[in-house]
Amino acid sequence: MENNKQGKLKFWADSYKPEPDAKVWQSIESRLTQEPSKRKASILTLTVLRIAAILVFVLVSIGVFNTFITGSSNIYSMGKTMELSPLNLNDVSVYFETQKVKDLRIAYAKLNQH
Amino acid sequence: MNNHLQDLVDRCKKRDALGQKELYDLYKTTLFGICRRYLHSIEDAEDVLTESFVKIFTKLDDYKGEGSFEGWIKKITVNEALMFLRKHKLHFQELDTFHLEFGEAPHYEDQLEEADIMDLFEQLPPGYRTVLNMYDVEGYKHKEIADLLGISINTSKSQLILARRKMKDLLEKKLNISNGK
């Protein structure tokens with residue numbers, strides 16, 4: 001029963017077809033002609049934004065790389081100029097194991113070579 | 001879809017202006033009917049009709065031929081009308097459905113003309129009108145109405161109960177007047 005009543009409303013809704021004003025088509029038409037140029041503009045904006053993003057990424061990457069290289073080259077040059085003061089074992093009374101002192105000497109010599 | 005309509009849709013996909021006008025002429029009254037059912041003012045209904053057709057023409061490539069074409073364009077129009085209503089802050093009177101009885105759908109008398117029913121629709125507050133349209137005409141479930149309008153299921157139910165009650169009163173008044181009581 002209710003379905004039947006609702007059916008009547010649906011039937012009315014389906015058959016209710018008022019005529020819109022003629023100006024509606026005019027505004028649709030003008031919107032449709034604007035649409036492709038709008039789309040072109042938005043594609044252009046998107047491309048520009050993409051290029052800008054890539055540029056920023058490249059610049060940031062170069063900056064980070066430069067900082068890293070400069071930092072590591074500084075450490076390298078510091079290491080290059082670094083010299084150890086001569087080892088004087090005569091003053092060190094604690095070294096009583098000769099083998100260990102020998103090893104220490106070799107290590108010291110190797111370190112000084114680099 | 002029949003061959004003529006398929007051909008028309010294909011022409012519109014290629015942005016053929018004459019095809020677009022033909023498609024508009026074919027469906028303008030059907031879709032304007034939907035807009036008028038949802039929106040009180042004719043100007044608002046015309047704005048929504050414009051937006052709907054612009055969307056139909058620009059999104060035509062999304063229609064893959066699954067389901068009826070008329071159903072697809074009607075759905076776009078209903079969604080546009082709902083979007084318009086949401087944008088303009090559609091007000092819903094919150095009520096506790098626990099105390100409300102589910103009235104049955106009003107009996108729409110045969111002698112009522114199209115214009116009479118539209119006149120009754122126009123007297124309904126926007127919230128009632130929207131839910132009545134969606135439930136009794138479009139066949140949406142309360143859950144779907146709640147999701148689409150951003151309201152609770154209870155609000156959707158209470159709007160329908162109140163809309164049917166109001167519609168019944170308006171119908172009785174209208175019939176009494178037309179019967180000369």
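Below, chain A is the first sequence line, B the second, and so on; all start at residue 1.
For the atom pair CG (Leu49(B)) and OG (Ser27(A)), the distance works out to 8.5 Å, reported to the nearest 0.5 Å. Interatomic distance, CZ of Phe32(B) versus NZ of Lys17(A), reported as 14.5 Å (0.5 Å rounding). The CD atom of Glu43(B) sits 6.0 Å away from atom NZ of Lys23(A), with the distance rounded to the nearest 0.5 Å. Distance OG1/Thr33(A) to CZ/Arg15(B): 12.0 Å, rounded to 0.5 Å.
Salt-bridge formation is not detected for the pair Glu29(A)/Lys21(B): no Lys NZ or Arg NE/NH1/NH2 atom is positioned less than 4.0 Å from an Asp or Glu carboxylate oxygen.
With a 4.5 Å cut-off on side-chain heavy atoms, Trp12(A) and Arg37(B) count as touching. Inter-residue side-chain proximity for Phe53(B) and Leu32(A) is flagged as unmet; no heavy-atom pair is nearer than 4.5 Å. A heavy-atom distance below 4.5 Å is found between the side chains of Tyr16(A) and Met118(B). Looking only at side-chain heavy atoms (C-beta outward), Lys10(A) and Glu138(B) stay at 4.5 Å or farther from each other.
When the side chains of ILVMFWY residues are joined at heavy-atom separations under 4.5 Å, either directly or via intervening members, Tyr108(A) and Leu111(A) end up in a single hydrophobic cluster. Transitive grouping of hydrophobic side chains (ILVMFWY, heavy atoms separated by less than 4.5 Å) brings Ile54(A) and Ile62(A) into a common cluster. Both Leu5(B) and Ile73(B) are members of a single hydrophobic cluster when ILVMFWY side chains are connected at heavy-atom separations under 4.5 Å. Note on Phe121(B): it clusters hydrophobically with Ile42(B), by side-chain heavy-atom contacts below 4.5 Å among ILVMFWY residues.
Using a 4.5 Å heavy-atom cut-off against chain A, the contacting residues of residues 23-31 of chain B are Tyr24(B), Lys28(B), Thr29(B), Thr30(B).
Only the side chain of Lys74(B) comes within contact range of chain A, judged by heavy atoms closer than 4.5 Å. With a 4.5 angstrom heavy-atom cutoff, Gln20(B) touches chain A via backbone and side-chain atoms both.
Heavy atoms from other residues, nucleotides or ligands lying under 6.0 Å from NZ of Lys75(B) number 12 at most.
Among all heavy-atom pairs drawn from Pro18(A) and Gly33(B), the shortest one is CD-CA, 3.4 Å.
For Val56(A), the side chain to side chain contact (heavy atoms under 4.5 Å, CB included) partners are Val60(A), not counting sequence neighbours.
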